[in-house]
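Every value quoted in this text rests on a predicted model; they were computed, and no experiment measured them. Only heavy atoms go into these numbers, but all of them, side chains included; no hydrogens, no water, no symmetry mates.
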Amino acid sequence: MKNLFLIIPVVFLLIGCGGGGGDDASTSNPDSPADSAAVNDESSAKFESLVVPDGFNFKSSYPVSIIIDLNETETMFLSVYGKYSIDATGTPVPDANSRIIAGEIKNGNFKGTITATSQLKSLLIEAWYVDSTQEPFRETVSLPAEQVNITN
């Protein structure tokens, strides 16, 4: 019973003090002139006043068809890269971490589709022979493009 008499005043003391440590100056008054000015500035811009340039769309990626028709009967291996550098001799050197697709080319033919993003500006397409003494076929292609056709 003694404990009950001690608990009740402590509870009233905590409720009466509000339990918070902040002061009134830190609370925001939503009816203050500064807040209403900010609301008026935001509401003055109307959706109808927005101008969208011709050709704009929300797509961040698009399909690119890759069609390769090389005059080869030998099996080759294809790699398509999104990043590469050019060495001192002018030869494109791929960034191995940027490989988009890899596969086999039979009888010189390949057809496939990749998804390119708007940040992708060019591709390096390499076709390697099984015989490593032969130089690979390399071609760089500028993007954006809907289709890439490579023939020799």
Side-chain angles (χ1 to χ4, degrees), residues 11 14-152:
V11 169
L14 288 174
I15 293 172
C17 292
D23 59 353
D24 288 341
S26 67
T27 60
S28 176
N29 181 1
D31 295 330
S32 70
D35 288 338
S36 63
V39 171
N40 286 341
D41 287 344
E42 290 173 8
S43 64
S44 65
K46 303 242 185 249
F47 184 76
E48 294 81 21
S49 65
L50 294 176
V51 178
V52 179
D54 291 338
F56 177 81
N57 64 38
F58 287 104
K59 291 182 182 177
S60 60
S61 63
Y62 57 95
V64 177
S65 297
I66 299 176
I67 300 169
I68 298 174
D69 184 16
L70 301 175
N71 192 15
E72 293 291 333
T73 56
E74 222 180 301
T75 299
M76 301 174 78
F77 296 98
L78 172 73
S79 291
V80 178
Y81 300 94
K83 293 181 184 176
Y84 58 92
S85 58
I86 305 294
D87 71 7
T89 65
T91 303
V93 179
D95 176 350
N97 292 325
S98 74
R99 186 165 64 185
I100 299 169
I101 190 172
E104 191 174 72
I105 301 176
K106 291 190 177 196
N107 296 321
N109 297 314
F110 174 85
K111 289 184 182 181
T113 302
I114 65 167
T115 300
T117 63
S118 57
Q119 290 83 20
L120 197 58
K121 302 300 179 198
S122 63
L123 297 173
L124 170 60
I125 299 173
E126 289 186 328
W128 291 84
Y129 293 93
V130 175
D131 178 9
S132 62
T133 60
Q134 291 182 305
E135 281 293 312
F137 174 86
R138 290 186 180 100
E139 190 164 327
T140 58
V141 179
S142 294
L143 294 177
E146 291 180 11
Q147 188 169 334
V148 174
N149 289 311
I150 297 177
T151 60
N152 67 346

What pairs with D87 under side-chain contact (heavy atoms from CB on, under 4.5 Å), at least two apart in sequence or on another chain? T89, T91, V93
For R138, check salt bridge (Lys or Arg N to Asp or Glu O under 4.0 Å) against everything at least two apart and list the hits. E126, E135
Mind checking whether S61 and T115 have side chains closer than 4.5 Å, heavy atoms only? yes
Checking T140, I114, I101 against L123 for side-chain contact (heavy atoms from CB on, under 4.5 Å), the one that qualifies is I114
Backbone of T133 reached by a side-chain donor or acceptor of D131 within 3.5 Å: yes
How would you list all residue pairs meeting salt bridge (Lys or Arg N to Asp or Glu O under 4.0 Å) that involve residues 61-83, not counting sequence neighbours? none
Excluding sequence neighbours, so at least two apart, what forms side chain to side chain donor-acceptor pair (under 3.5 Å) with N71? none
Heavy atoms of Y81 and A96 approach each other most closely as CE2-CA, 4.2 Å
Once side-chain contact (heavy atoms from CB on, under 4.5 Å) is applied, do any residues pair with I150, and if so which ones, sequence neighbours excluded? I68, L70, I125, F137, E139, V148
Inter-residue atom distance E104.CD - L78.CG, 0.5 Å rounding: 10.5 Å
Please report the interatomic distance OH(Y62) to CD(E146), rounded to the nearest 0.5 Å. 9.5 Å
How many angstroms lie between atom CD1 of I105 and atom OG of S79, to the nearest 0.5 angstrom? 9.0 Å
Using the test side-chain contact (heavy atoms from CB on, under 4.5 Å), find all partners of Q147 that sit at least two apart in sequence or belong to another chain. S65, I67, N149
Shortest non-hydrogen contact from V64 toward A116: CG2-CB, 3.8 Å
Could you check Y84 against S122 for side-chain hydrogen bond (donor to acceptor under 3.5 Å, both in side chains), going step by step and ending with a plain yes or no? CA-CA 9 Å; Y84 58 92; S122 63; 3.1 Å; yes
State, to 0.1 Å, how close V51 and P53 come at their nearest heavy-atom pair, and which atoms those are. O-CD, 3.9 Å
